[in-house]
Amino acid sequence: MSINAELARLFSEMAAVMELTGANPFKTAAMNKAARQLKDLTFDIASIAADKKRLMEIDGIGEGMAGRIMEFKQTGRIREHDELIASIPPGLLQVTRIPGVGPKTAKLLWEKCGVVDLVTLKEKIDCGALVGIPRMGEKTIANILKSLEFVEKSSERTRIGIAMPLAESIVEHLAAMNGVERVQYAGSLRRGCETIGDLDIVACSTNPGALAEAFATMAMVEQVLTKGETKVSVRIHQGMQVDLRIVPLESFGAALLYFTGSKEHNVALRERAIKRGMTLNEYGLFPDDYERRQRRRTPPPSEGGSQGVGTTEISSGDSPTPQPSPSRERVKSAAIASKTEEEIYRALELPFIPPELRENRGEFASEIPKLIEFDDIKAELHAHTRASDGKFTIEELAAEAKKRGFHTIAVTDHSKSSALAGGLSPDGLRAHIEAVRKASERAEGITILAGSEVDILPDGSLDYDDELLAQLDIVIASPHAGLKHDPDRATARMLRAVRHPLVHIIGHPTGRLIGSREGINPRMDEVIAAAVEHDVALEINANYRRLDLRDTHVRAAVEAGAKIAINCDSHTVTDFDNLRYGIMTARRGWLPPHLCINTWSNAKLMKWLKSKR
DNA sequence: GCCGTTTTCGGCCCGACTGTTTTCAGTCG
């Protein structure tokens, strides 16, 4: 694999250890940012690792990071990383992954009672060794124990196709309550990320208390983690944490913006607000006056001060009682913008930025293009029938596609090497082509294409000979086996398939399965360049277990002007429903509709397909 | 450690909640 992922891992680890040992938090943040940038790169950093100037052109990579990257390229390690890792017990970082235990607590537990990993933590709790340590009260210890048990049994992040239906059912449940004015999911789910950590729900209600109670007592709730006036967190039986934030109706847009994130996008938005003399929080965009001055412990503005917003009671002189959230109190009178995301972006002199782009990956610097939408898709070009491993007959498949409003469906069963998936022998494929042609003649209102999802063999050749491939209307070439090849071999293999004159689409180009199989790591910039040169489309396989191409690959492909196909790889009726995840991934890759062959008219699509025959 | 409509120094986002505190630190998102 390319060194990007390894370098990203090293930088993340360094940042984590630095947090633990109490380094400058801004230095830690810089380290984390560099790790993230490296992870998102679509070319191999090794190719420029000898050139410090080019390294430093990457946002977040400065003098220091460039030096570390060069050191790694030359020596295969980063000395500073080795030293940091050696400075703490090897299992201590695991301890900071327990919800509620941060770097400060982990360090405290290590120094005060010898906790060095999850095992010793459990032992020390069981034998009562934590009692008496500063800030380690009975409740804190009980919470750590509970979280520890949760960490031990739960898997990490949840795939979007699992998280989305859960979120939708929660939203539906809450929306049906009396007094609920708005309710919507936010967070990484709304941004269309491939996996989701926690679910975030934003809601407005005329009866916030009842809403909080209803949320905390849903049937799926396993444990209530926190329950305050505006924020409730629960853990559900499915293993996820769900956070509900209740805000005033006037603040819905600001809250939705804030809780949709990403964190990096929010930070950039706030910096932008400050530069324009404003401050942004989850209640709205405000003139930069009262709150910031108060935080700096300087006196609040005098009566009739320059801002002239003294219409609320927040600064009621010498009242010793703590005030509930000045921002929330001020919303009605003082917010420059708060009701909708659109008006907040406008006030910050920005166009509306779609949630999928909110990653601080250039959305502030660039013009926002028109992104592809669900309704733009007019064809499914990758589907299986009973001839291989699908559940449809050809007619049933066509009927389903027609029902979904498509003008074209491609029948693309597996080729002979995919034996477990019932791949067709050459004679089997010939007979199948005949059957598809006959069905197509009878079909009304939909074009049925005879195709194949043909295996890209380990050497990059295809699973059928050219004479047979030439008879097909559409050829998808996909890797199914040999998914552990090194990058050199994987790149050569994929390039050979891209250059094959009869191939239209490269299916799920890396063969990854999210959370369970890494797949191959061909040098994607080379594959993309070849795809552009040979006029081959790269697939976003919309199955939520794949999402392959992934978002960053799509972005690189779009920048290179490559054609993209978004296909559901349908084997059953419900597979068609995965299209939404493919669309979200495409949007995260900044895909405009015209580059996606599934949006084209039937005539345009047929012309392109025939250009390769 | 990075970065620049605050440009080579001096900033670097903001609020809610919990548990332990007697005024706030730590964590999270």
Side-chain angles (χ1 to χ4, degrees), chain A residues 11 14-15 18-19 22-35 37 55-68 80 96-109 133-144 147 186-188 196-202 212 224-233 241-247 251 254-255 257-286 288 291-292 294-295 297 320 322-328 349 360 364:
Chain A
F11 281 178
M14 286 163 73
M18 283 157 58
E19 265 191 329
N24 176 353
F26 298 112
K27 190 173 164 179
T28 310
M31 199 67 85
N32 271 322
K33 182 177 181 183
Q37 293 294 84
L55 286 174
M56 288 175 66
E57 281 168 12
I58 301 168
D59 185 38
I61 307 293
E63 185 90 32
M65 299 298 178
R68 292 180 177 92
E80 188 187 0
T96 65
R97 302 217 171 97
I98 298 169
V101 179
K104 296 271 167 53
T105 308
K107 190 172 182 225
L108 184 75
L109 292 174
I133 292 177
R135 305 197 66 81
M136 281 293 139
E138 199 180 325
K139 277 191 172 175
T140 301
I141 295 172
N143 283 340
I144 291 176
S147 293
S188 51
I196 313 300
D198 301 335
L199 293 179
D200 296 290
I201 316 276
V202 181
V224 178
L225 299 170
T226 69
K227 188 158 177 282
E229 195 184 332
T230 65
K231 176 183 171 178
V232 187
S233 294
Q241 182 175 325
V242 190
D243 297 333
L244 173 69
R245 306 293 298 234
I246 306 172
V247 297
S251 295
L257 179 65
Y258 184 81
F259 293 109
T260 295
S262 65
K263 191 165 179 271
E264 290 79 9
H265 181 84
N266 285 348
V267 168
L269 274 184
R270 286 173 180 207
E271 285 171 356
R272 194 178 175 94
I274 288 167
K275 280 179 186 154
R276 284 164 177 71
M278 298 178 271
T279 179
L280 178 64
N281 59 34
E282 61 260 55
Y283 298 107
L285 183 65
F286 301 92
D288 181 8
E291 289 90 354
R292 288 181 70 80
Q294 192 183 49
R295 273 200 302 282
R297 302 254 182 272
Q323 297 294 337
S325 174
S327 297
R328 214 188 319 160
E349 298 170 70
N360 198 14
F364 299 106

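Per chain, numbering begins at 1; letters A, B, ... match sequence-line order. All figures in this text were calculated on a predicted structure; none of them were measured in a lab. Values below: all heavy atoms of this structure, side chains included; hydrogens, waters and symmetry mates excluded.
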Task: side-chain contact (heavy atoms from CB on, under 4.5 Å) partners for A:Asn32, two or more places apart - done: A:Ala15, A:Thr28
Open item on the list: Using 0.5 Å steps for rounding, measure from the CZ atom of A:Arg68 to the CD atom of A:Glu63.
Closed with: 11.0 Å
- [ ] When you get a sec, tell me which of B:dC14, B:dG29, B:dC12 is the closest nucleotide to the side chain of A:Asp198?
- [x] B:dG29
TODO: Remember a base hit wins even if backbone is also touched, and classify A:Leu108 as base, sugar-phosphate or nothing at under 4.0 Å, heavy atoms.
DONE: nothing
- [ ] From the options B:dG29, B:dG15, B:dG1, select the nucleotide whose nearest atom is closest to the side chain of A:Glu282.
- [x] B:dG15
Task: Under the side-chain contact (heavy atoms from CB on, under 4.5 Å) test, residues paired with A:Lys231 that sit two or more places apart - done: A:Thr226, A:Ser233, A:Arg245
Task: Sequence-aligned protein contact record of nucleotides 2-8 of chain B, with B where the base is within under 4.0 Å of a protein heavy atom and S where only the sugar-phosphate is - done: SS--B--
Task: C1' gap between B:dC9 and B:dC14, integer Å - done: 25 Å
TODO: List in numerical order all residues of residues 259-268 of chain A for which some heavy atom is under 4.0 Å away from an atom belonging to DNA chain B.
DONE: A:Lys263, A:Val267
- [ ] Within residues 135-144 of chain A, find the residues that approach DNA chain B with a heavy atom at under 4.0 Å, and present them sorted by residue number.
- [x] A:Arg135, A:Met136, A:Gly137, A:Glu138, A:Lys139, A:Thr140, A:Asn143
Task: Non-neighbouring partners of A:Arg135 that pass salt bridge (Lys or Arg N to Asp or Glu O under 4.0 Å), sequence neighbours left out - done: none
Task: Nucleotide nearest A:Thr105 (side chain, heavy atoms from C-beta), chosen from B:dT27, B:dG1, B:dA16 - done: B:dT27
TODO: Identify whether any heavy atom of A:Pro134 sits under 4.0 Å from a base atom; if not, whether one sits that close to sugar-phosphate; answer base, sugar-phosphate or nothing.
DONE: nothing
- [ ] Sorted by first residue and then second, give each salt bridge (charged side-chain N to carboxylate O under 4.0 Å, His left out) pair with at least one member in residues 259-272 of chain A; sequence neighbours left out.
- [x] A:Arg36-A:Glu264
Task: Contacts of A:Phe26 that satisfy ring-ring contact (aromatic ring centres under 6.0 Å, His included) - sequence neighbours left out - done: none
- [ ] Can you figure out which of B:dG15, B:dG29, B:dG1 approaches the side chain of A:Asp200 most closely?
- [x] B:dG29
Open item on the list: Going by the rule side-chain contact (heavy atoms from CB on, under 4.5 Å), which residues pair with A:Ser147 if we only count those two or more places apart in sequence or in a different chain?
Closed with: A:Ile98, A:Pro99, A:Arg235
TODO: Check salt bridge (Lys or Arg N to Asp or Glu O under 4.0 Å) between A:Glu138 and all other residues, then give those that pass, not counting sequence neighbours.
DONE: none
TODO: List for me each residue that meets salt bridge (Lys or Arg N to Asp or Glu O under 4.0 Å) alongside A:Lys227, sequence neighbours excluded, and say none if there are none.
DONE: A:Glu213
- [ ] Could you pull out all residues at least two apart from A:Ala66 that satisfy side-chain contact (heavy atoms from CB on, under 4.5 Å)?
- [x] A:Lys52, A:Leu55, A:Met56, A:Ile61
TODO: Describe the nucleic acid contact of A:Pro25 in one word from base, sugar-phosphate, nothing, applying a heavy-atom distance below 4.0 Å.
DONE: nothing
Task: Closest nucleotide among B:dA16, B:dG29, B:dC14 to the A:Gln241 side chain - done: B:dG29
Task: Counterpart base for B:dC9, defined by Watson-Crick or G-U wobble contacts under 3.5 Å - done: B:dG4
